[in-house]
Enquirer: 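Quick one: the structure is below, questions incoming.
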Amino acid sequence: MSVIVRAEAVRKSFGHLEVLKGIDLEVAEREVVVLLGASGSGKTTFLRCINHLEKIDGGRLSVDGELVGYRQHGDRLYELRENEVARKRAEIGMVFQRFNLFPHMTALQNVTCAPTHVRKVPRAAAEKRAYELLDRVGLADKAGAYPSMLSGGQQQRVAIARALAMDPKLMLFDEPTSALDPELVGDVLDAMKALARDGMTMVVVTHEMGFAREVGDRVVFMDAGVVVEQGVPRDVFANPKHERTKAFLSKIL
């Protein structure tokens with residue numbers, strides 16, 4: 001099975017603060033990897049580096065065999081132009097904590113916007129696909145609704161449909177349920193579980209341990225900018241090897 005994400009000694013700093021201190025990680029095609037760790041451990045920063053929302057300061061990071069944000073000639077790396085970065089980024093879906101929907105657009109328009117403008121998909125074809133995706137996340141009846149008319153959970157599911165509309169090879173989720181009321185979390189997690197069943201490659205930052213146990217092929221525990229421990233969820237949860245992993249899990253399980 002091919003490797004979709006390969007991180008080699010990835011480093012990232014903000015000023016004098018080194019947030020990622022040499023991340024080595026691979027994500028295989030169709031694999032669901034769940035990143036765990038306390039706030040400030042570097043999970044979200046690493047996720048944002050994968051689609052070049054943040055530039056790495058050291059190491060190498062590639063998606064589906066191509067360097068993220070750079071092109072290599074000989075021994076030198078050259079940064080891609082912004083339009084090239086945007087074209088590559090379109091192949092990676094990302095769902096944020098906050099839904100980031102366009103408030104002046106309906107659910108249908110939010111989902112069709114990128115395919116019609118970035119990929120130049122004909123509107124009729126884009127709308128047909130959008131209806132299919134909204135149905136897939138359980139919102140077929142909300143196509144004409146504006147974000148203000150939807151619950152947080154519904155908005156997040158529209159955001160998932162919007163990301164899927166670009167037919168990404170990889171989906172990134174940054175704590176997609178953390179901004180939701182507890183009773184709205186289940187529907188979003190169900191939509192993510194369905195994606196996993198369909199074979200989507202996913203990297204998920206979440207504190208939903210039930211999701212990690214049920215859907216994750218692997219959990220990766222990060223602390224202070226490094227990968228401390230990783231493995232099959234049932235093994236890591238039942239028998240964590242590292243003291244920092246034990247301390248973290250004892251507070252949330």
Side-chain angles (χ1 to χ4, degrees), residues 32 34-35 39 43-45 47-48 50-54 82 85-198 200 202-208 210-211 215:
V32 178
V34 179
L35 302 183
S39 294
K43 309 182 303 297
T44 291
T45 297
L47 210 64
R48 291 173 63 86
I50 291 175
N51 68 351
H52 207 57
L53 288 173
E54 302 289 353
E82 187 53 43
V85 171
R87 190 164 63 248
K88 295 295 183 187
R89 189 179 290 141
E91 300 175 347
I92 304 171
M94 186 157 184
V95 178
F96 301 86
Q97 292 181 45
R98 297 289 173 179
F99 326 121
N100 294 351
L101 298 179
F102 296 115
H104 63 288
M105 293 184 180
T106 64
L108 183 72
Q109 290 167 334
N110 266 282
V111 177
T112 59
C113 183
T116 54
H117 287 85
V118 178
R119 291 263 169 86
K120 308 304 181 186
V121 176
R123 182 161 302 280
E127 289 188 353
K128 181 176 183 292
R129 174 72 170 145
Y131 279 116
E132 292 170 355
L133 291 170
L134 288 170
D135 183 51
R136 186 173 174 183
V137 297
L139 293 173
D141 60 334
K142 300 294 184 182
Y146 289 90
S148 62
M149 302 161 64
L150 301 173
S151 71
Q154 290 171 332
Q155 290 185 61
Q156 193 62 297
R157 283 184 281 154
V158 172
I160 292 172
R162 179 180 61 181
L164 292 173
M166 294 294 282
D167 293 319
K169 59 183 67 172
L170 169 69
M171 284 285 285
L172 309 175
F173 292 87
D174 183 17
E175 298 194 34
T177 60
S178 64
L180 302 179
D181 292 331
E183 67 270 20
L184 303 176
V185 168
D187 289 339
V188 173
L189 292 180
D190 286 344
M192 294 169 64
K193 291 173 187 176
L195 277 184
R197 286 194 299 271
D198 291 343
M200 176 62 72
M202 297 162 62
V203 183
V204 184
V205 173
T206 185
H207 292 295
E208 298 290 341
F211 175 88
V215 183

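All of these numbers come straight from a predicted model, not from anything done at the bench.
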Enquirer: Quick one: OG1 on T45 to CG on D174, what's the gap to the nearest 0.5 Å?
Expert: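 Reported value, rounded in 0.5 Å steps: 9.0 Å.
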Enquirer: Does anything in residues 131-145 pair up under side chain to side chain donor-acceptor pair (under 3.5 Å), and if so which pairs, sequence neighbours excluded?
Expert: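 Applying side chain to side chain donor-acceptor pair (under 3.5 Å) to every pair that reaches into residues 131-145, excluding sequence neighbours, yields K128-E132, R136-D198.
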Enquirer: Kindly give the heavy-atom pair with the smallest separation between N51 and R89, and that separation in Å.
Expert: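 Where N51 meets R89 most closely, the heavy atoms are O-NE, 2.9 Å.
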Enquirer: Mind checking whether V215 and M202 have side chains closer than 4.5 Å, heavy atoms only?
Expert: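 No - every pair of side-chain heavy atoms lies 4.5 Å or more apart.
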Enquirer: Determine which pairs satisfy salt bridge (charged side-chain N to carboxylate O under 4.0 Å, His left out) with at least one residue from residues 103-126, sequence neighbours left out, and list them in order.
Expert: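 For residues 103-126: none.
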Enquirer: Working to the nearest 0.5 angstrom, can you tell me the gap between L139 CG and Q155 CD?
Expert: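 Answer rounded to 0.5 Å: 10.5 Å.
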Enquirer: Apply the test side-chain contact (heavy atoms from CB on, under 4.5 Å) to residues V95 and M192: give CA-CA distance (whole Å), side-chain angles for both, the deciding distance (0.1 Å), then the verdict.
Expert: CA-CA 11 Å; V95 178; M192 294 169 64; over 6 Å; no
Enquirer: Could you check V137 against V158 for side-chain contact (heavy atoms from CB on, under 4.5 Å), going step by step and ending with a plain yes or no?
Expert: CA-CA 8 Å; V137 297; V158 172; over 6 Å; no
Enquirer: I'd like to check the side chain to side chain contact (heavy atoms under 4.5 Å, CB included) partners of E54; sequence neighbours left out, ordered by chain and number.
Expert: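 Side chain to side chain contact (heavy atoms under 4.5 Å, CB included) list for E54, sorted by chain: K12, F14, R48, C49.
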Enquirer: Would L150 and R157 satisfy side-chain contact (heavy atoms from CB on, under 4.5 Å), going step by step from the backbone distance to the final call?
Expert: CA-CA 10 Å; L150 301 173; R157 283 184 281 154; over 6 Å; no
Enquirer: Tell me the closest heavy-atom pair linking I92 and I50, and the distance in Å.
Expert: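 Scanning both residues, the minimum pair turns out to be CD1-O, 3.8 Å.
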Enquirer: I need the minimum non-hydrogen distance between P168 and A163, along with the two atoms involved.
Expert: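 Taking P168 first and A163 second, the nearest heavy atoms are CD-O, 3.4 Å.
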Enquirer: If you take all heavy atoms of L101 and P147, which pair is closest and at what distance?
Expert: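 The answer is CB-CG, 3.9 Å.
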Enquirer: Is any side-chain heavy atom of L133 less than 4.5 Å from a side-chain heavy atom of R162?
Expert: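 L133 does not reach R162 side chain to side chain.
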Enquirer: If every non-hydrogen atom of P115 is compared with every non-hydrogen atom of M166, which pair is closest and at what distance?
Expert: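 The pair with the smallest heavy-atom distance is N-SD, 3.6 Å.
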Enquirer: For a side-chain contact (heavy atoms from CB on, under 4.5 Å) check, start with the C-alpha distance between L47 and M94, then their side-chain angles and the critical distance, and finish with the verdict.
Expert: CA-CA 9 Å; L47 210 64; M94 186 157 184; 4.0 Å; yes
Enquirer: For M149, give me all partners under side chain to side chain contact (heavy atoms under 4.5 Å, CB included), at least two apart in sequence or on another chain.
Expert: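 Once residues adjacent in sequence are excluded, the partners of M149 under the side chain to side chain contact (heavy atoms under 4.5 Å, CB included) criterion are A145, Y146.
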Enquirer: Name every donor-acceptor pair, under 3.5 Å, that has one atom in a side chain of residues 178-189 and the other anywhere in the protein, sequence neighbours excluded.
Expert:
residue: S178; atom: OG; partner: Q97; partner atom: OE1; Å: 3.2
residue: S178; atom: OG; partner: E175; partner atom: O; Å: 3.1

Enquirer: Would you check if the side chain of N110 reaches a backbone N or O of M105 as a donor-acceptor pair within less than 3.5 Å?
Expert: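 Yes; judged by distance alone, with no hydrogens or angles, the pair exists.
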Enquirer: Can you confirm whether I160 sits close enough to L195 that some side-chain heavy atom of one is under 4.5 Å from a side-chain heavy atom of the other?
Expert: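 In short, these two side chains touch, coming nearer than 4.5 Å.
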Enquirer: Please report the shortest heavy-atom distance between A161 and V111, naming the atom on each side.
Expert: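 Shortest heavy-atom contact: O-CG1, 3.8 Å.
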Enquirer: Output yes when a side-chain donor or acceptor of Q156 lies under 3.5 Å from a complementary backbone atom of P176, and no otherwise.
Expert: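 Checking the backbone N and O of P176 against the side chain of Q156, a donor-acceptor pair under 3.5 Å is found.
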Enquirer: Strictly by salt bridge (charged side-chain N to carboxylate O under 4.0 Å, His left out), give each pair with a member in residues 90-111 just once, sequence neighbours left out.
Expert: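 Counting only pairs at least two positions apart or across chains, the salt bridge (charged side-chain N to carboxylate O under 4.0 Å, His left out) contacts touching residues 90-111 are E91-K169.
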